[in-house]
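Both backbone and side-chain heavy atoms feed into the values below; hydrogens, waters and symmetry mates do not. In each ligand, atom 1 is the first atom listed, and ligand 1 is the first ligand listed.
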Amino acid sequence: MPGIVLIGAQWGDEGKGKATDLIGTKVDYVARFNGGNNAGHSVVVGNESYALHLLPSGIINPHLTPVIGNGVVVDPEVLFEEIDGLEARGIDCSHLKVSEAAHIIAPYHRTLDKVTERFLGKHKIGTTGRGIGPAYADKINRVGIRVHDLFNADHLHDKVEASLHQKNQMLVKLYNRRPIDVDQTTEELLKLGERLKPYVANTGLILNKALDEGKTVLFEGAQATMLDVDHGTYPFVTSSNPTAGGACTGTGVGPTKITRVIGVSKAYVTRVGEGPFPTELFDESGEWLRQQGHEFGVTTGRPRRCGWFDAVVNRYASQVNGLTDIVLTKLDVLTGLKEIPICVAYDVDGERHDDMPTDQAAFAAAKPIYETMPGWDEDISNCHTFEELPATCQAYVKRLEELSNCRISAIGTGPQRDHIISVHSLID
Ligand code: GDP
Ligand code: IMO
Ligand code: MG
């Protein structure tokens with residue numbers, strides 16, 4: 001019953017989409033467990049490139065069953081747009097299963113996301129504006145709308161009324177906006193429910209049965225460890241648990257069913273939105289990484305902030321997620337650098353920290369302590385074994401592995417499916 005969790009080890013956009021697609025060729029189910037359409041996962045197959053936001057990246061593999069778990073927040077309009085877009089390109093989405101307990105992102109969540117960010121001013125988080133935070137806030141406040149609520153008009157009306165009661169007061173009195181109409185919102189949600197219905201299922205039961213029958217399930221995380229609402233750089237985080245534990249709460253599968261936890265890390269680091277980032281580069285090397293790595297957001301198109309590999313972050317990700325393997329991506333991007341700095345520890349007010357400071361004020365003050373490795377000039381995109389990599393490149397990977405407290409089992413050498421070096425198998 002292999003249950004494999006795949007998560008982002010840094011601040012997102014590590015290449016989880018590509019890694020999921022790759023492993024997806026060998027699994028029976030791929031289940032998203034957190035986040036919503038704030039995610040942007042790119043998958044490149046031959047000449048085709050897919051940008052997935054809400055659908056599991058495994059959907060590109062026709063033999064597997066894609067699942068949206070209860071921990072995901074679902075914007076039905078976005079879901080249908082994504083399904084229509086993929087089906088127009090010949091990808092069958094009819095076998096998609098959506099949890100009846102997943103929470104819905106309603107239009108008012110998107111509105112609230114935007115007005116609260118504006119209201120926060122200099123304290124803003126830099127969200128994707130997709131309504132993620134307000135939808136999860138409603139879930140925790142117990143005024144959320146769940147997928148199964150969309151199938152009962154009276155019940156739904158009641159729920160929307162409860163949810164909008166306080167929001168309308170805030171919209172009118174605090175944000176100077178028009179109130180949102182309960183009847184109209186209920187009507188719109190009922191219509192969306194009609195189209196959603198064929199996909200809706202008891203996904204917890206389906207996944208547990210599959211695991212009991214010896215099938216392989218891949219749990220695909222969105223966002224990343226450092227964006228986790230509990231373990232990340234709070235408050236500059238998303239509103240869900242992208243760490244490995246989220247795979248259990250976000251799908252209804254118990255931790256004893258998880259056999260492997262794979263962390264995806266870039267060979268350097270990027271971040272989108274606000275918040276501290278110790279190895280961020282503000283000089284021409286940051287711009288160089290952005291251009292070489294095409295570091296522009298899949299969801300919002302925003303330029304990503306770029307910096308050197310941060311081993312403190314990776315060690316922390318190994319610890320928080322209980323990583324068994326790392327997939328190291330975008331190693332090819334570093335080709336051409338004379339020297340490559342690696343952050344091995346932080347200096348916080350003159351004190352060395354080898355571990356992640358939990359106090360966010362200390363983390364914000366952290367200065368990277370670097371060691372430097374020699375670079376390489378050779379094109380590595382056609383290397384298919386570790387031994388084919390230039391010696392200095394091998395040494396860089398080995399050093400990252402040592403500093404991360406976890407073995408590196410696959411290495412990305414380009415965006416394509418076959419741009420990968422397999423060091424250890426990821427699924428047995
Ligand atoms: P995700 O959010 O973690 O799925 O990552 P994104 O899809 O947002 O960003 C990763 C980007 O890097 C995508 O454009 C991928 O196609 C690309 N990518 C993934 N792995 C590699 C790699 O090993 N080398 C290069 N050059 N690009 C890669
Ligand atoms: P993938 O899955 C990178 C960031 C936003 C913002 C913060 C909160 O592609 O790695 P939210 O809209 O979630 O309330 O925004 O989280 N963020 C991401 N950054 N990759 C992502 O997803 C992200 N999803 C959210 O930029 O800083
Ligand atoms: Mg992304």
Review point. Is Asn38 close to ligand 2, meaning an N/O of one under 3.5 Å from an N/O of the other?
Key: yes
Revision key, fill the gap. of all protein heavy atoms, closest to atom 13 (O) of ligand 2 is Thr238 OG1, 2.6 Å
Check your understanding: Around Gln166, counting heavy atoms of other residues, nucleotides and ligands shown, do more than 12 lie under 6.0 Å from its CD?
Key -> no
Check your understanding: Parallel, tilted or perpendicular: which fits the ring planes of Trp376 and Tyr396, with parallel below 30° and perpendicular above 60°?
Key -> tilted
Exercise for review: Heavy-atom contacts with Gly126 under 4.0 Å: which atoms of ligand 2 show up? List them by number with element.
Suggested key: 5 (C), 6 (C), 26 (O), 27 (O)
Check your understanding: Does Gly12, backbone or side chain, put an N or O under 3.5 Å from an N or O of ligand 2?
Key -> no
Exercise for review: Salt-bridge test for Arg417 and Asp21: reply yes if a basic N is under 4.0 Å from a carboxylate O, no otherwise.
Suggested key: yes
Study note, to complete from the structure: Of all protein heavy atoms, the one nearest atom 3 (C) of ligand 2 is Asp13 OD2, 3.3 Å
Point to revise | Distance-only N or O hit between ligand 2 and Glu14, under 3.5 Å | key: no
**Study point:** Heavy-atom proximity to atom 8 (C) of ligand 2, best of Val237, Thr128, Thr270
**Key:** Val237
Check your understanding: Where is the tightest heavy-atom contact between Gly144 and Asp149, given as atom of each residue plus distance?
Key -> O-OD2, 4.2 Å
Review point. At what distance is the nearest protein heavy atom to atom 27 (N) of ligand 1, and which residue and atom is it?
Key: Lys330 CE, 3.4 Å
Study note, to complete from the structure: A student checking ligand 2 against Arg302 at a 4.0 Å heavy-atom cut-off should list atoms 5 (C), 26 (O)
Exercise for review: Go through ligand 2 atom by atom and flag the ones less than 4.0 Å from a non-hydrogen atom of Ala222.
Suggested key: 2 (O)
Check your understanding: Quick one: does Gly40 get a heavy atom under 4.0 Å from ligand 2?
Key -> yes
Practice item. Count the heavy atoms of every other residue, nucleotide or ligand shown that sit under 6.0 Å from NE2 of His165, and state whether that count exceeds 12. Key: no
Review point. In terms of residue, atom name and distance, what is the protein heavy atom nearest to atom 23 (C) of ligand 2?
Key: Gln223 CG, 3.7 Å
Practice item. Could you tell me whether Arg290 and Glu295 make a salt bridge, using a distance below 4.0 angstrom between a side-chain N and a carboxylate O? Key: no
Practice item. Check the surroundings of atom CZ in Phe80: do more than 12 heavy atoms from other residues, nucleotides or ligands lie under 6.0 Å from it? Key: yes
Practice item. Could you tell me the residue and atom name of the protein heavy atom closest to atom 27 (O) of ligand 2, and the distance to it rounded to 0.1 Å? Key: Val272 O, 3.1 Å
Review point. Of the choices Gly40, Gly414, Ser42, which has the non-hydrogen atom that lies closest to atom 14 (O) of ligand 1?
Key: Ser42
Check your understanding: Taking both backbone and side chain into account, is any N, O or S atom of Gly40 nearer than 2.8 Å to the Mg ion (ligand 3)?
Key -> yes
Point to revise | Minimum-distance protein heavy atom relative to atom 4 (O) of ligand 1 | key: Gly17 N, 2.8 Å
Review point. Any ion pair linking Glu48 and Arg89 (charged N to carboxylate O, less than 4.0 Å)?
Key: yes
Point to revise | Region of Ile420 engaging ligand 1 - heavy atom pairs below 4.0 Å | key: neither
Practice item. Compute both the distance and the angle, then confirm whether Lys257 meets the cation-pi test with Phe219: under 6.0 Å from the six-membered ring centre, within 45 degrees of the axis. Key: no
**Study point:** Salt-bridge contact Arg110-Glu77 (side-chain N to carboxylate O under 4.0 Å)
**Key:** yes
Practice item. Please round to the nearest 0.5 Å and tell me the distance separating atom NZ of Lys266 and atom CG of Leu289. Key: 9.5 Å
Point to revise | Residue and atom name of the nearest protein heavy atom (relative to atom 15 (O) of ligand 2), distance in Å to one decimal | key: Thr127 CA, 3.3 Å
Review point. Which residue and non-hydrogen atom of the protein lie closest to atom 19 (C) of ligand 1, and at what distance in Å?
Key: Lys18 CD, 3.8 Å
Practice item. Please identify which atoms of ligand 2 are closer than 4.0 Å to at least one heavy atom of Lys16. Key: 1 (P), 2 (O), 10 (O)
Check your understanding: Within less than 4.0 angstrom of ligand 1, does Gln10 place any heavy atom?
Key -> no
Check your understanding: Heavy-atom contact under 4.0 Å between His419 and ligand 1?
Key -> no
Practice item. Please determine if Asp113 has a nitrogen or oxygen closer than 3.5 Å to a nitrogen or oxygen of ligand 2. Key: no
Review point. Is it the side chain, the backbone, both or neither of Val298 that has a heavy atom closer than 4.0 Å to ligand 1?
Key: side chain
Check your understanding: Less than 4.5 Å apart, any side-chain heavy atom of Val261 and any of Ile258?
Key -> yes
Check your understanding: Does the pair Lys114/Glu117 count as a salt bridge with the N-to-O cut at 4.0 Å?
Key -> no
Review point. Relative to ligand 1, is Arg304 under 4.0 angstrom through side chain, backbone, both or neither, heavy atoms considered?
Key: side chain
Point to revise | Identity and distance of the protein heavy atom lying nearest atom 19 (N) of ligand 2 | key: Leu227 CD1, 3.6 Å
Check your understanding: Counting only heavy atoms, which portion of Arg130 has something under 4.0 Å from ligand 2: side chain, backbone, both, or neither?
Key -> neither
Check your understanding: If you count the non-hydrogen atoms of other residues, nucleotides and ligands that lie under 6.0 Å from CG in Asn176, is the total more than 12?
Key -> no
Check your understanding: Which bit of Arg271 is near ligand 2, meaning a heavy atom under 4.0 Å away: side chain, backbone, both or neither?
Key -> neither
Point to revise | Partner of Asp13 under salt bridge (charged side-chain N to carboxylate O under 4.0 Å, His left out), chosen from Arg305, Arg304, Lys18, Arg271 | key: Arg304
Review point. Which ligand 2 atoms does Trp11 reach within 4.0 Å, using its non-hydrogen atoms?
Key: 3 (C), 19 (N)
Review point. Any side-chain heavy atom of Asp138 within less than 4.5 Å of one from Tyr108?
Key: yes
Exercise for review: For His95 and Pro62, work out which heavy atoms get closest and say how close.
Suggested key: NE2-O, 3.9 Å
